Amino acid sequence: DVKVTQSSRYLVKRTGEKVFLECVQDMDHENMFWYRQDPGLGLRLIYFSYDVKMKEKGDIPEGYSVSREKKERFSLILESASTNQTSMYLCASSILYEQYFGPGTRLTVT
Amino acid sequence: ILNVEQSPQSLHVQEGDSTNFTCSFPSSNFYALHWYRWETAKSPEALFVMTLNGDEKKKGRISATLNTKEGYSYLYIKGSQPEDSATYLCAFMEYGNKLVFGAGTILRVKS
């Protein structure tokens with residue numbers, strides 16, 4: 001079974017803090033994605049990566065950056081957390097069509 | 001940004017009822033249409049990936065149809081059970097592996 005893990009299920013951070021969300025997949029997938037999910041809006045793509053050291057902006061990249069130094073790991077970075085970044089963050093990896101999701105990190109910025 | 005719409009937003013049904021949801025998506029540049037089930041406190045789980053106009057897929061009591069020319073897909077659940085309670089997401093794939101999700105349909109099945 002494909003396994004996608006995320007470093008934390010729940011996280012509380014203060015405004016202005018630098019926040020790292022880590023995602024690891026164990027199936028040697030080339031493609032990895034970061035989404036956020038907000039009520040009534042569905043999943044929105046923040047960034048994605050097709051290979052190590054490659055990154056592409058998704059639909060809502062502002063306020064975020066990413067890092068992919070190893071194939072299995074894709075990190076989402078909030079350089080200076082703000083309250084409007086309070087959300088559920090989901091990581092996914094894929095090969096061909098299907099995406100496999102992690103359990104999500106619920107981030108609260110106070 | 002592409003627009004993928006799902007209806008209804010939420011649905012409450014009794015155990016044993018059959019139900020269906022709709023996903024509308026752009027009819028141009030179609031590559032694939034995905035359905036996911038997302039249960040509370042779990043990861044979204046893929047139900048179907050549909051690529052051809054007229055595709056029909058089935059998994060147990062759940063089935064889906066696809067019309068790429070008019071840009072819609074239906075998801076059907078026959079004889080709903082409490083364990084079917086979840087958010088059902090559809091996602092449009094335009095090219096490569098990038099998905100655009102709808103807002104989801106929340107299903108609650110009462111026993």
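To find a chain, count down the sequence lines: A is the first, B the second, and so on, and within it residues start at 1. Since we're looking at a predicted model, the values are computed, not measured.
Using a 4.5 Å cut-off between side-chain heavy atoms of Ile, Leu, Val, Met, Phe, Trp and Tyr, with links allowed through other members, B/Tyr74 and B/Met50 fall into different hydrophobic clusters. Criterion: ILVMFWY side-chain heavy atoms under 4.5 Å apart, direct or through other members. Under it, B/Tyr72 and B/Val49 are not part of a common hydrophobic cluster. Both B/Leu66 and B/Ile62 belong to a common hydrophobic cluster when Ile, Leu, Val, Met, Phe, Trp and Tyr are linked at side-chain heavy-atom distances under 4.5 angstrom.
For A/Arg9, the part lying under 4.5 angstrom from a heavy atom of chain B is the side chain only. Residue B/Thr87: no heavy atom, backbone or side chain, is found under 4.5 Å from chain A. Of the atoms belonging to A/Leu43, heavy atoms from both backbone and side chain fall under 4.5 Å from chain B.
Most heavy-atom pairs under 4.5 Å with chain B: of the set A/Ala92, A/Gly58, A/Gly42, A/Pro39, this distinction falls to A/Gly42. By number of non-hydrogen pairs under 4.5 angstrom with chain A, the leading residue of B/Gly104, B/Ala41, B/Ala91 is B/Ala41.
One finds the NE2 atom of B/His34 at 8.5 Å from the OG atom of A/Ser94 (value rounded to the nearest 0.5 Å). One distance of note links NZ of A/Lys3 with OG of B/Ser43; it measures 10.0 Å at 0.5 Å rounding. Considering CG of B/Leu99 and OH of A/Tyr35, their distance stands at 4.5 Å, rounded to 0.5 Å.
Counting all heavy atoms, side chain and backbone alike, A/Tyr50 lies closest to B/Lys98 at OH-N, 4.5 Å. Of all heavy-atom pairs between A/Glu98 and B/Tyr36, the closest is C-OH, 4.3 Å. Here the shortest heavy-atom pairing between A/Gly40 and B/Ala103 reads O-CB, 3.5 Å. Contact record, B/Pro44 with A/Gly102: CD-O, 4.1 Å, taken as the closest heavy-atom pair.
No side-chain heavy atom of B/Phe101 sits less than 4.5 Å from a side-chain heavy atom of A/Gln37.
Within residues 73-91 of chain A, the residues that have a heavy atom under 4.5 Å from a heavy atom of chain B are A/Met88, A/Leu90, listed by number.
No more than 12 heavy-atom neighbours from other residues, nucleotides or ligands sit within 6.0 angstrom of CZ on A/Arg106.
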